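Here the structure comes first, spelled out in structure tokens, and everything after it is commentary.
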Number of protein chains: 2
Amino acid sequence: MTRIDDVARLAGVSTATVSRALRGLPTVSAATRHRVLAAAEQLDYEVSPSASRLAGGRTGTVAVVVPRITRWFFSTVVEAVEEYLHQSGYDLLLYNLGGREQVRQRVLRTANLHKRVDAMMLVATPLRPADMTALATLELPGVTISSGSRVPNWPCVRIDDVAAARAATKHLIDLGHHRIAHISGDPDDELAFTTHLDRRRGYQAALRSAGVRPDPTLDIESTFTIDGGNRATAELLARGEPPTAIVAACDEMAMGAMTALRDVGLRVPQDVSVVGIDDHDLAGVLGLSTVAQPAAEQGRLAAQMLLDPLGARPAGPIVSQRGAGCDTPVVLPTRLVVRDSTAPPRAH
Amino acid sequence: MTRIDDVARLAGVSTATVSRALRGLPTVSAATRHRVLAAAEQLDYEVSPSASRLAGGRTGTVAVVVPRITRWFFSTVVEAVEEYLHQSGYDLLLYNLGGREQVRQRVLRTANLHKRVDAMMLVATPLRPADMTALATLELPGVTISSGSRVPNWPCVRIDDVAAARAATKHLIDLGHHRIAHISGDPDDELAFTTHLDRRRGYQAALRSAGVRPDPTLDIESTFTIDGGNRATAELLARGEPPTAIVAACDEMAMGAMTALRDVGLRVPQDVSVVGIDDHDLAGVLGLSTVAQPAAEQGRLAAQMLLDPLGARPAGPIVSQRGAGCDTPVVLPTRLVVRDSTAPPRAH
DNA sequence: CTGAAAGCGCTTACAG
DNA sequence: CTGAAAGCGCTTACAG
């Protein structure tokens, strides 16, 4: 395979100059740069990442950690991040936790990660508070998406989960509902995954604003999945008289809820209204009312905030994004989208 | 950061021995190995991938190329592949084509990829025939998933697309349908993406077996997405009398079809039956009848076929998987799943 | 079974 | 603006 000295020989310069010219460093004359580029082109030369990384101390790689790539939010984020990283010249190392404790450990093998990537992005990754502190002491630049995981000194992009759930609940209240249930996720409170807690707070706040006292028997813990929504709703129905409406903490739970309701012969929205949070690709197909959150935008913005201080191309000195502004999350707006799954309650 | 000579010093051996012990090479005495592992543990040592790759000539990395990570099939495949790769000690470099020609070019910058990864997996990646031949001449081991992209001498894992579409269509015929439409994808025939062609063949074969002549006005080209199914169905309905049933080439298209039908007031399945192919996570929620294909299994199996000849850990000589058996795809079974979106046609 | 030494292919001070 | 030389941190023949 062609090496840098092949290019140097053809261009009649030293390897140092080839290295500089190819990376676009300013200390190369236009004429020399031109000759080097032509030689590299002619030989179809590509730099060896391993050698470049070893010599330069930079990997040109970013680790992106998601809980489950199969869920709408995460695949949408990753798609946007992949585009931004690759067009900035970075490689994307994917870590899908898949709920496996073993993998969580792997991500926290900090010495390992540190030698592998220049920076890392944590997307709604449930970590113990101690883990987050450990990450913060790393020399590794990082960024988080969602309030679920918050590492000190790393910038954070997210939505206002309290406000999103409040808007969903208020929509139902405005339609005339009072018996409003809430299904949410992740009962494993050993992990500091706060998204579901924030959304519950929003739900309760909206109820209280309307003078309705939150009823604990209408509030079910489950997981942020279709199946989780299904099971939560089944349990809800087993507890007695059904609510007239359900706020699901995410669209996938809402979809599970719709299935569970249908299975017992309850119609949406005639018998029970359902609203979610996300605006999943399929929310439109299902006619699901929801509070939309900008997933791709969160990914793109987080990637940008991560890479900007590193320099667009993997070259130049690494500057950790620390200090000013890092502890103030960037909060992107959400928006209520009314479709067919919500309607006024039936008159008794 | 700790380096290999720190470990060597602590264990009282040479760096060569540390290297061998840590990689589990057999030529190390048990006592020495034990001392080395203890020292590495004590120092929290992790090998430098860049140095190891440069010296060893292996990257321990696999490129996984998908058209769109946000689609059900691809995220499901990637999840399974990620698990297999990581537990085998490999890193996963994600390439999401996203329909961008520019990115396709990037994947085919073979010199670039070659220095970056030990092997690559192409998942239903549309490539020109010339591109596939180019990949085949690389020294890079590879594997493809789906009949969509077929690289000579690379193993391939897929389903029988003809049979899947035939089963879907036959299900409708068995219910009594005759006016059966077909919506399928990817009209860009510059790319050798054969999945939609195979599925069309299966549709037509089933019709012919039942003595029905395929009607070209009932066969619409679009894209393999929700929106594609939506548009195809809208066009179908604009052409005149609706069919009594629709075969969609994938579940996402079927979901788009359901929306389009609902939008004009046609009920599924009372007015029009709809069947898909995939068994998407949400097929159950939507009550969509479909022909299920094992996405995760295809991913896991392809990863296994790719890595087995490389050795479980990224160590030992690279052996290209060539010759015997590579030109015979591994075909995984599909299975009809009947739900609520299909029913006999209404009596006129 | 183990070690000394070369070498993997770059980048980076340093000197000019 | 350019080059000679050292060095990044490993692995791999080679020799014993």
Side-chain angles (χ1 to χ4, degrees), chain A residues 1-9 11-37 39-40 43 45-61 111-112 114-116 118 311 313-318, chain B residues 1-37 39-40 43 45-61 89 111-112 114-116 118 311 313-318:
Chain A
M1 225 156 338
T2 346
R3 293 168 320 175
I4 197 170
D5 30 315
D6 298 320
V7 180
R9 207 171 305 116
V13 295
S14 71
T15 59
T17 298
V18 173
S19 174
R20 295 186 188 107
L22 256 29
R23 283 177 298 147
L25 298 193
T27 62
V28 179
S29 76
T32 305
R33 179 188 313 284
H34 191 265
R35 252 184 311 139
V36 169
L37 292 180
L43 296 174
Y45 170 74
E46 296 274 353
V47 70
S48 157
S50 309
S52 171
R53 287 165 191 186
L54 179 58
R58 309 193 54 183
T59 64
T61 306
N112 182 298
H114 199 297
K115 291 179 171 174
R116 211 168 283 275
D118 290 339
R313 293 263 133 195
I318 304 185
Chain B
M1 225 157 337
T2 346
R3 293 169 319 176
I4 197 171
D5 30 313
D6 298 320
V7 180
R9 207 171 306 115
L10 182 59
V13 295
S14 70
T15 60
T17 298
V18 173
S19 174
R20 294 187 189 107
L22 256 29
R23 283 177 297 147
L25 299 193
T27 63
V28 179
S29 76
T32 306
R33 179 187 314 283
H34 192 265
R35 254 184 309 141
V36 169
L37 292 180
L43 297 174
Y45 170 74
E46 297 274 352
V47 71
S48 156
S50 310
S52 172
R53 286 164 192 187
L54 179 58
R58 309 192 55 183
T59 65
T61 305
N112 181 300
H114 199 296
K115 290 178 171 172
R116 212 168 283 275
D118 290 339
R313 290 264 133 196
I318 304 185

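What you are looking at is a predicted structure, and each value in this text was computed from that prediction instead of being measured. Convention: sequence-line order gives letters A, B, ...; per-chain numbering from 1.
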Q) If every non-hydrogen atom of T2(B) is compared with every non-hydrogen atom of L43(B), which pair is closest and at what distance? A) OG1-O, 3.3 Å
Q. If we only count heavy atoms from C-beta on, is the V13(A) to R35(A) side-chain gap below 4.5 Å?
A. yes
(Q) For a stem of at least 3 consecutive Watson-Crick or G-U pairs with distances under 3.5 Å, i pairing with j, i+1 with j-1 and so on, which stems involve DNA chain D? (A) C:1-3 with D:14-16, C:5-12 with D:5-12, C:14-16 with D:1-3
Q) Between R23(A) (CZ) and dC10(C) (P), how many Å, whole number? A) 11 Å
Q. Can you tell me how far P of dC10(C) sits from CG of L25(A), to the nearest Å?
A. 15 Å
Q: Would you check if R20(B) and V36(B) make a side-chain contact, meaning some heavy-atom pair closer than 4.5 Å?
A: no
Q: Pick base, sugar-phosphate or nothing for T27(B), based on heavy-atom distances below 4.0 Å to the nucleic acid.
A: base
Q: Rounded to the nearest 0.5 Å, what's the gap from CE on M1(B) to CG on D6(B)? Could you check?
A: 11.5 Å
Q) Under 4.0 Å between a side-chain N or O of T15(A) and OP1 or OP2 of dC10(C)? A) no
(Q) Using whole Å, what does the distance between atom C1' of nucleotide dG9(D) and atom CZ of R116(A) come to? (A) 14 Å
(Q) If you assign each of A16(B) and S19(A) to its closest nucleotide in DNA chain C, which residue comes earlier from the 5' end? (A) A16(B)
Q.
Counting the atoms with a prime plus P, OP1 and OP2 as sugar-phosphate, which does S50(B) contact under 4.0 Å by heavy atoms, base, sugar-phosphate, or nothing?
A. nothing
**Q.** Nearest heavy atoms of R58(A) and R53(A), plus distance in Å
**A.** O-CG, 3.0 Å
Q.
Just the rounded figure in Å: distance from P of dC1(C) to NE2 of H34(B).
A. 17 Å
Q. Taking OP1 and OP2 of dG9(D), is either one under 4.0 Å from a side-chain nitrogen or oxygen of Y45(B)?
A. no
Q.
Is any side-chain heavy atom of S29(B) closer than 4.5 Å to one of R33(B)?
A. no
Q) If every non-hydrogen atom of A39(A) is compared with every non-hydrogen atom of A11(A), which pair is closest and at what distance? A) CB-CB, 4.0 Å
Q: List the atom of V47(B), the atom of S52(B), and the distance in Å for their closest heavy-atom pair.
A: CG2-CB, 4.1 Å
Q. Rounding to a whole Å, what distance do you find between R58(B):CZ and dT11(D):C1'?
A. 12 Å
Q: Determine: side-chain N/O of R53(B) to OP1/OP2 of dC10(C), distance under 4.0 Å, yes or no.
A: no
Q. Starting at CD1 of I4(B) and ending at C1' of dG9(D), how long is that distance when rounded to a whole Å?
A. 8 Å
Every protein N/O lying under 3.5 Å from an N/O of nucleotides 6-8 of chain D:
| from | atom 1 | to | atom 2 | distance (Å) |
| --- | --- | --- | --- | --- |
| dC8(D) | O2 | A55(A) | N | 3.4 |

Q: Measure the distance from CG on D5(B) to P on dA4(C) and round it to the nearest whole Å.
A: 13 Å
Q) Could you state the interatomic distance from OG1 (T32(A)) to CG (L37(A)), rounded to the nearest 0.5 Å? A) 10.5 Å
Q: May I ask you to test the I4(A)-Y45(A) pair for a side-chain heavy-atom distance under 4.5 Å?
A: yes
Q: Might you point out which heavy atoms bring V28(B) and A21(B) nearest each other, and give the distance in Å?
A: CG2-N, 3.9 Å
Q: Ignoring backbone atoms, establish whether S29(A) has a side-chain N or O less than 4.0 Å from OP1 or OP2 of dC1(D).
A: no
Q) If you look at every strand shown and take non-hydrogen atoms under 4.0 Å, does P26(B) touch a base, only sugar-phosphate, or nothing? A) sugar-phosphate
Q. Whole-Å distance between dC10(C) P and D6(A) CG?
A. 9 Å
Between N or O atoms, less than 3.5 Å apart, protein on one side and nucleotides 14-16 of chain D on the other: list the pairs.
none

Q: Considering just the side-chain nitrogens and oxygens of T17(B), establish if one lies under 4.0 Å of OP1 or OP2 belonging to dT2(C).
A: no
Q. Does K115(A) use its side chain to pair, donor to acceptor, with the backbone of E46(B) at less than 3.5 Å?
A. yes
Q | Phosphate contact (dG3(C) OP1 or OP2) by S14(B) side-chain N/O below 4.0 Å | A | yes
Q.
Between D118(B) and T59(B), do the side chains contain a donor N or O and an acceptor N or O under 3.5 Å apart?
A. yes
Q: Let me know, please, whether S52(A) or R33(B) comes out on the 5' side of the other along DNA chain C by nearest nucleotide.
A: R33(B)
